[in-house]
Amino acid sequence: MINEQETAKRVYYFLKSYRSLLKLAEPMAKDGVLKDKAAEIVATIKAYQNSLNSPKREIFSNLFTKRPKETLKLYQLNKKLGIDKEEYEWLKAEILLDFGNSYHDGALLVR
């Protein structure tokens, strides 16, 4: 049985590393295994983001891929998407659990 709360936390922290991984994967970074792995993970995250529908993609990018100065406050995001805080939390949890399940056949899942 999957522990959804712990899985969501693990996936959240994993995805929060996106900005650092992006720097490691840049063309100016030193070549090597770390750069290759970072580029692979960044590509996986981008592919997942592109597979989401519009509201989920906006939530995902606001949480993980946008620069801090570009992110919307929660009330701004909710207004833009036309959702309330409860629906936002539900969509966020759904995104986290779905990514956790899809990444390397569930490697981020907590059982």
J.: Using the rule that Ile, Leu, Val, Met, Phe, Trp and Tyr join whenever any side-chain heavy atoms are under 4.5 Å apart, tell me whether W90 and I2 fall into a single cluster.
T.: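 Not linked; separate clusters.
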J.: Between T7 and V110, is there a donor-acceptor pair closer than 3.5 Å when you use the side chain of the first and the backbone of the second?
T.: yes
J.: Any carboxylate oxygen within less than 4.0 angstrom of a Lys/Arg side-chain nitrogen, looking at K66 and E58?
T.: yes
J.: What heavy-atom pair brings G100 and V11 nearest, and what distance separates the two atoms?
T.: CA-CG2, 3.5 Å
J.: Side chain to side chain contact (heavy atoms under 4.5 Å, CB included) for L24 and K35? Distances and angles first, verdict last.
T.: CA-CA 6 Å; L24 286 172; K35 178 182 177 180; 5.9 Å; no
J.: Is the number of heavy atoms from other residues, nucleotides or ligands under 6.0 Å of Q5 CD greater than 12?
T.: no
J.: Any idea which heavy atoms bring L108 and R10 closest together, and the distance?
T.: O-CD, 3.1 Å
J.: Tell me whether L97 shares a hydrophobic cluster with F14, the cluster being built from Ile, Leu, Val, Met, Phe, Trp, Tyr side chains joined at under 4.5 Å.
T.: no
J.: With side chains defined as the heavy atoms from C-beta onward, is the minimum distance between Y18 and I41 less than 4.5 Å?
T.: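 No; the side chains remain at least 4.5 Å from each other.
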J.: Where the side chain of R19 meets the backbone of T65, is there a donor-acceptor pair that is under 3.5 Å apart?
T.: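 Flag set: sc R19 to bb T65 pair under 3.5 Å.
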J.: Can you find a pair of side-chain heavy atoms, one from L15 and one from F99, that are under 4.5 Å apart?
T.: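 Side-chain contact under 4.5 Å: yes.
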J.: Indicate, with yes or no, if V33 and L22 share a hydrophobic cluster defined by side-chain heavy-atom contacts under 4.5 Å among Ile, Leu, Val, Met, Phe, Trp and Tyr.
T.: no
J.: Answer yes or no: are there more than 12 heavy-atom neighbours, outside E86 itself, under 6.0 Å from its atom CD?
T.: no
J.: Taking V42 as the starting point, is it possible to reach F60 by hopping between hydrophobic residues whose side chains are less than 4.5 Å apart?
T.: yes
J.: Around atom CG of D105, are there more than 12 heavy atoms of other residues, nucleotides or ligands at under 6.0 Å?
T.: no
J.: Look at atom CD of E89 and say whether more than 12 heavy atoms of other residues, nucleotides or ligands are closer to it than 6.0 Å.
T.: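 Enclosed: over 12 neighbouring heavy atoms sit under 6.0 Å from CD of E89.
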J.: Are any side-chain N or O atoms of N50 and backbone N or O atoms of K46, one a donor and one an acceptor, separated by less than 3.5 Å?
T.: yes
J.: Atom NZ of K85 and atom OH of Y75: how far apart are they, to the nearest 0.5 Å?
T.: 14.5 Å
J.: Please report whether the ring centroid of Y103 lies less than 6.0 Å from that of Y48.
T.: no
J.: For the residue pair N62 and L77, what are the closest heavy atoms and their distance?
T.: ND2-CD2, 3.7 Å
J.: Test I59 against I95 for side chain to side chain contact (heavy atoms under 4.5 Å, CB included), laying out the working first.
T.: CA-CA 9 Å; I59 291 169; I95 291 166; 4.0 Å; yes
J.: How long is the straight-line distance from OG of S51 back to NZ of K56, given to the nearest 0.5 Å?
T.: 9.0 Å
J.: Under the rule for salt bridge (Lys or Arg N to Asp or Glu O under 4.0 Å), what residues qualify as partners of K9, not counting sequence neighbours?
T.: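 If we apply the salt bridge (Lys or Arg N to Asp or Glu O under 4.0 Å) test to K9, skipping adjacent residues, the hits are E6.
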J.: Locate the shortest heavy-atom distance separating L96 from A8; write the atom from each residue and the value.
T.: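 Answer, listing the atom of L96 first, then A8: CD1-O, 3.8 Å.
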J.: Just wondering, do R111 and N3 contact through their side chains at under 4.5 Å, heavy atoms?
T.: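 Counting from C-beta outward, N3 and R111 never come under 4.5 Å.
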J.: Would you say the side-chain atoms of K16 pair up with the backbone N or O of L63, donor to acceptor, closer than 3.5 Å?
T.: yes
J.: Can you name the closest pair of heavy atoms from Q76 and K73 and give their distance?
T.: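 Closest pair (atom of Q76, atom of K73, distance): OE1-N, 2.7 Å.
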J.: Can you give me the closest heavy-atom contact between S61 and Q49, atom names plus distance?
T.: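 What the structure gives for the nearest pair is CB-NE2, 3.1 Å.
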J.: Carefully, step by step, assess D84 and N78 under the rule side chain to side chain contact (heavy atoms under 4.5 Å, CB included).
T.: CA-CA 6 Å; D84 60 13; N78 290 349; 5.9 Å; no
J.: May I have the step-by-step check of side chain to side chain contact (heavy atoms under 4.5 Å, CB included) for L81 and Y88, ending in yes or no?
T.: CA-CA 9 Å; L81 299 175; Y88 167 83; 5.7 Å; no
